[in-house]
Amino acid sequence: MTLLAQADDGPSCYGRLTNEWLCWDYVVDYRPEIVEATTQHVAITIVSVLFGLALSFPLALLARRLPRLESTVLGVSTGLYTVPSLALFPLLVPFTGLSATTVVIGLGLYALTVLVRAILEGLRAVPEEVRESARGLGYGDGRLLLRVELPLAVPVVMAGLRVATVSTVALTTVGSLVAYGGLGNLIAEGVQSNFRAQLLTAAVLCVALAVLLDVVIVAAQRVLTPWTRTAG
């Protein structure tokens with residue numbers, strides 16, 4: 001009730017008696033807190049997705065190189081997603097403390113279930129005749145992967161990255177369990193204090209952030225795959 005109590009000194013749409021859902025005065029009066037929470041939310045989301053991408057890439061290559069391990073890799077990555085955040089974060093706290101690192105590791109592990117499959121399916125979508133042509137031109141395994149397979153796998157990988165990023169924006173709010181949830185901290189405070197303007201503002205910003213990051217990834221995909229535009 002802190003913010004509501006502070007607003008009782010004068011007329012305001014977020015006063016204890018009015019407590020309206022839509023309140024521009026709240027956005028103006030508490031802009032520094034909102035900007036700080038949004039900045040933290042963006043940083044945790046981006047770092048978590050990059051961490052998940054860094055883990056997913058070698059795991060997908062391992063699953064492709066050793067097919068007998070594919071079910072194990074996919075099973076473990078999917079199994080991690082089923083671990084409730086209420087249990088995962090406390091399990092990490094003894095090692096990482098009450099810090100943003102706890103949230104980043106947890107969300108990065110959650111992203112594996114989407115990213116590993118996307119990278120694996122993207123590499124498999126490369127036509128075999130393309131690989132044979134590249135090998136005929138003298139491409140080794142490393143050069144074939146970097147110069148031929150990964151560029152052609154970009155559309156499928158980006159599709160998975162979009163899903164992982166949008167879901168991570170939502171999951172970052174759970175970081176409020178360790179006080180590093182970005183906009184989730186505002187949502188948690190809004191729920192506990194029944195502060196409607198704070199709750200709705202943070203929720204809307206989460207949705208807007210998810211849409212913005214999705215648009216950025218789509219734009220990046222268009223830049224990285226110019227041949228898809230000419231093909232259309």
Side-chain angles (χ1 to χ4, degrees), residues 1-6 14 21 26-27 29-59 75-116 160-214 216-217:
M1 300 290 289
T2 302
L3 297 181
L4 290 176
Q6 292 174 356
Y14 60 89
W21 287 100
Y26 160 71
V27 177
D29 293 343
Y30 292 91
R31 185 174 57 183
E33 290 83 355
I34 295 172
V35 170
E36 181 181 0
T38 304
T39 302
Q40 184 185 82
H41 203 108
V42 172
I44 289 176
T45 297
I46 293 176
V47 175
S48 298
V49 172
L50 292 178
F51 176 62
L53 198 58
L55 291 179
S56 301
F57 188 65
L59 288 175
V76 171
S77 61
T78 303
L80 287 171
Y81 196 80
T82 65
V83 179
S85 54
L86 286 174
L88 181 60
F89 288 172
L91 288 174
L92 293 173
V93 165
F95 305 99
T96 56
L98 295 174
S99 66
T101 304
T102 300
V103 183
V104 168
I105 293 176
L107 298 184
L109 294 177
Y110 284 146
L112 290 182
T113 188
V114 174
L115 294 175
V116 171
L161 186 62
R162 291 174 64 187
V163 175
T165 301
V166 171
S167 63
T168 301
V169 170
L171 287 171
T172 297
T173 59
V174 185
S176 60
L177 292 172
V178 293
Y180 284 91
L183 294 167
N185 295 337
L186 298 184
I187 292 175
E189 293 172 3
V191 170
Q192 292 171 2
S193 61
N194 190 31
F195 186 6
R196 293 174 177 173
Q198 183 175 9
L199 175 60
L200 183 62
T201 301
V204 169
L205 285 173
C206 277
V207 174
L209 181 58
V211 173
L212 176 62
L213 291 178
D214 189 54
V216 170
I217 294 174

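Because the structure is predicted, anything quoted here is derived from the model rather than measured. Atom set for the values below is all heavy atoms of this structure, side chains included, hydrogens, waters and symmetry mates excluded.
When the side chain to side chain contact (heavy atoms under 4.5 Å, CB included) test is applied to I217, the partners found at least two apart in sequence or on another chain are M158, L161, R162, T165. Considering only residues two or more places apart in sequence or on other chains, L50 meets the side chain to side chain contact (heavy atoms under 4.5 Å, CB included) condition with I46. Annotation: side chain to side chain contact (heavy atoms under 4.5 Å, CB included) contacts of L92 (sequence neighbours excluded): L88, T96, T102, I105.
Here W21 contributes atom CH2 and T201 contributes atom OG1; the two are 10.5 Å apart, rounded to the nearest 0.5 Å. If you take CZ on F51 and CD1 on I44, they are separated by 14.0 Å, rounding to the nearest 0.5 Å. Taken to the nearest 0.5 Å, the CD atom of E189 stands 14.0 Å off from the CG atom of N194. In this structure, CG in L209 is found 7.0 Å from CG in L183, a value given to the nearest 0.5 Å. Note: L112 CG to L107 CG = 11.0 Å, rounded to the nearest 0.5 Å.
Counting heavy atoms from C-beta on, the side chains of L213 and V166 never come closer than 4.5 Å. With a 4.5 Å cut-off on side-chain heavy atoms, Y81 and V114 do not count as touching.
Classified by interplanar angle (parallel below 30°, tilted 30° to 60°, perpendicular above 60°), the ring pair Y14/Y30 is perpendicular.
No donor-acceptor pair under 3.5 Å is formed between the side chain of H41 and the backbone N or O of T173. The closest donor-acceptor contact from the side chain of S167 to the backbone of A164 lies under 3.5 Å. Side-chain atoms of Y110 come within 3.5 Å of backbone N or O of S85 as a donor-acceptor pair. Looking only at distances, a side-chain donor or acceptor of N185 sits under 3.5 Å from a matching main-chain atom of G181. Side-chain N or O atoms of T82 include one that pairs as donor or acceptor with a backbone N or O of G79 at under 3.5 Å.
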Verdict with supporting geometry, L109 and L55, side-chain contact (heavy atoms from CB on, under 4.5 Å): CA-CA 8 Å; L109 294 177; L55 291 179; 4.1 Å; yes
side-chain contact (heavy atoms from CB on, under 4.5 Å) between T113 and L80, intermediate numbers included: CA-CA 8 Å; T113 188; L80 287 171; over 6 Å; no
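Closest approach of P90 and A87 over heavy atoms only: CD-O, 3.3 Å. Smallest separation of non-hydrogen atoms from V178 and S99: CG2-O, 4.3 Å. For the pair V103 and G175, the tightest heavy-atom approach, listed with the atom from each and the gap, is CG2-CA, 3.9 Å.
Remark: E36 CD is loosely packed, at most 12 non-hydrogen atoms of other residues, nucleotides or ligands lying under 6.0 Å away.
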